[in-house]
Amino acid sequence: MKIKNLMTEDLITIDKDQNLTDAIKLMRKHKISRLPVLNTNQDNKKELVGIISERDIADKIGSAKFEKKPISQVRIVSVMLKDVITAPEDMSLVDVAKLMLENGIGSVPIVDGDNLIGIVSKADFLTLANGKAFEKILIDGVMSTDITSVSPSERLVHARRLMLDSKVGRLPVIEDDELVGMITSKDLIRAFIDVKKNIPDKYQKTQLKEVFVEDIMSKNPLSINEKDSISNADEIMIETGFNGLPVINNDEDIVGIITQTDILKLIVDLES
């Protein structure tokens, strides 16, 4: 199957000269986590010049470079990823999946020559993991057991640094070996925006250091048992829009995490 049969054609894009507030509003409205960035060239045609994700925003919004700048004044062009990896519409699904895994990216814009015609994300591939083969594969054989987590008493700035260093968009929150919450890039962005809106500039840096994980995490997070099937994990991710689920054993101890990336790797392995 060609990638054109899986890609999303109803594109939500943003101009490079718009600002982070515009990007955040678009992502929230359409429940997406990344946007292709366009520019109008000399021939008055829209061209792809970058891509921006929630993770990029969480990275920049908390950096020293932008700490004194309102997000409404931060232009997309200063935050976006400029070296965009694209794929032609006739590339196979497996080859695009491999491209995403090899480069550690969550989406690939699809092009026809110089024209942007669609985009495919890891979430789009989830629709392929619902056959009988995936019902027979258990989560404990696919999940990641190397868990990067935080405690509820740790600071927001530490959680942000962990996400950036680990290149993940969510962290389980664990206290006394018990899963008590989840914190995501969305949560980070929301917390930084709240501080920037409500605290005078000269106090913002100090105030951010006083925001703790327990203040912004999602409590009672959804989890899945290690002996459940990949198809069930897949269905939950599709229904909720989550890109990862904490995995627990029968004693309700957290033993891993299953992500869209893990399922994408499985799809590639089965197809190969």
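Just so it is clear, the structure is predicted and the values come from calculations on it, not from any experiment.
For Thr40, the side-chain hydrogen bond (donor to acceptor under 3.5 Å, both in side chains) partners at least two apart in sequence or on another chain are Lys46. With sequence neighbours excluded, the residues forming a side-chain hydrogen bond (donor to acceptor under 3.5 Å, both in side chains) with His158 are Glu154, listed by chain and number. Taking Asn250 as the reference, Asn225 meet the side-chain hydrogen bond (donor to acceptor under 3.5 Å, both in side chains) condition, with sequence neighbours excluded. Under the side-chain hydrogen bond (donor to acceptor under 3.5 Å, both in side chains) criterion, Lys186 pairs with Glu54, sequence neighbours left out. Contacts of Gln73 classified as side chain to side chain contact (heavy atoms under 4.5 Å, CB included), with partners at least two apart in sequence or in another chain: Lys69, Pro70.
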Could you tabulate the donor-acceptor pairs under 3.5 Å formed by side-chain atoms of residues 77-87, not counting sequence neighbours?
unit_1: Ser78; atom_1: OG; unit_2: Arg75; atom_2: O; d: 2.7

Under 3.5 Å, sequence neighbours excluded: what are the donor-acceptor pairs made by side chains of residues 160-174?
unit_1: Arg160; atom_1: NE; unit_2: Ala58; atom_2: O; d: 3.1
unit_1: Arg160; atom_1: NH2; unit_2: Asp59; atom_2: O; d: 2.6
unit_1: Arg161; atom_1: NH1; unit_2: Asp165; atom_2: OD1; d: 3.1
unit_1: Ser166; atom_1: OG; unit_2: Leu162; atom_2: O; d: 3.0
unit_1: Arg170; atom_1: NE; unit_2: Asn243; atom_2: OD1; d: 2.7

Cut-off 3.5 Å, no hydrogens considered: what does the side-chain donor-acceptor table look like for residues 206-223, sequence neighbours left out?
unit_1: Asp215; atom_1: OD2; unit_2: Phe212; atom_2: N; d: 2.8

Taking distance alone, no hydrogens or angles, what donor-acceptor pairs closer than 3.5 Å link side-chain atoms of residues 135-144 to residues at least two apart or in another chain?
unit_1: Asp140; atom_1: OD2; unit_2: Lys227; atom_2: NZ; d: 2.4
unit_1: Ser144; atom_1: OG; unit_2: Asp262; atom_2: OD1; d: 3.0
unit_1: Ser144; atom_1: OG; unit_2: Asp262; atom_2: OD2; d: 3.3

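Interatomic distance, Ile14 CD1 to Leu38 CG, rounded to the nearest 0.5 Å: 9.5 Å. Going from atom CG of Leu126 over to atom CE of Met237 covers 6.5 Å, rounded to the nearest 0.5 Å. Annotation: the span from Ile52 atom CD1 to Thr13 atom OG1 amounts to 12.5 Å, rounded to 0.5 Å. Atom NZ in Lys60 sits 12.5 Å away from atom CD1 in Ile76 (nearest 0.5 Å).
In terms of hydrophobic clustering, with Ile, Leu, Val, Met, Phe, Trp and Tyr side chains grouped at heavy-atom distances under 4.5 Å, Ile230 and Ile236 are assigned to a common cluster. With hydrophobic clusters built from ILVMFWY side chains whose heavy atoms lie under 4.5 angstrom apart, Ile51 does not share a cluster with Met7. One hydrophobic cluster, built from ILVMFWY side chains closer than 4.5 Å, holds both Met1 and Leu101. Under the 4.5 Å side-chain contact rule for hydrophobic residues, Leu188 and Met182 do not share a cluster. In terms of hydrophobic clustering, with Ile, Leu, Val, Met, Phe, Trp and Tyr side chains grouped at heavy-atom distances under 4.5 Å, Ile248 and Ile258 are assigned to different clusters.
For the pair Ile3 and Pro88, the tightest heavy-atom approach, listed with the atom from each and the gap, is CG2-O, 3.5 Å. Across all their heavy atoms, Ala97 and Leu264 have their closest contact at CB-CD1, 3.7 Å. Closest heavy-atom contact between Asn198 and Pro200: O-CD, 4.1 Å. A pairwise comparison of heavy atoms in Leu156 and Ala191 identifies CD2-CB, 4.0 Å as the closest pair.
Asn19 places a side-chain N or O within 3.5 Å of a backbone atom of Thr21 that can act as its donor or acceptor partner.
Residues Ile71 and Ile57 form no side-chain contact, since every pair of their non-hydrogen atoms from C-beta on lies 4.5 Å or further apart. Inter-residue side-chain proximity for Leu270 and Phe134 is flagged as met; some heavy-atom pair is nearer than 4.5 Å. Contact of the Glu235 side chain with the Asn130 side chain is not registered, since no non-hydrogen atoms from C-beta on lie closer than 4.5 Å.
Screening residues 121-132 for salt bridge (charged side-chain N to carboxylate O under 4.0 Å, His left out), with sequence neighbours left out, gives no hits. The side-chain hydrogen bond (donor to acceptor under 3.5 Å, both in side chains) pairs that include a residue from residues 97-112 are Arg34-Ser107, where partners are two or more places apart or lie in different chains. The salt bridge (charged side-chain N to carboxylate O under 4.0 Å, His left out) contacts involving residues 189-207 comprise Asp187-Arg190, where partners must be two or more places apart or lie in separate chains.
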Inset, instruction - Take Val120 and Leu93 through the side-chain contact (heavy atoms from CB on, under 4.5 Å) test and state the conclusion after the steps. - result: CA-CA 10 Å; Val120 65; Leu93 293 176; over 6 Å; no

Inset, instruction - In sequence, state the C-alpha distance, the side-chain angles, and the governing distance for Asp15 and Val37, and then conclude on side-chain contact (heavy atoms from CB on, under 4.5 Å). - result: CA-CA 6 Å; Asp15 189 272; Val37 183; over 6 Å; no

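For Glu47, the CD atom counts as densely surrounded, since its 6.0 Å shell holds more than 12 non-hydrogen atoms of other residues, nucleotides or ligands. By the 6.0 Å contact criterion, CG on Asp177 is open, its count of non-hydrogen atoms from other residues, nucleotides or ligands being 12 or less.
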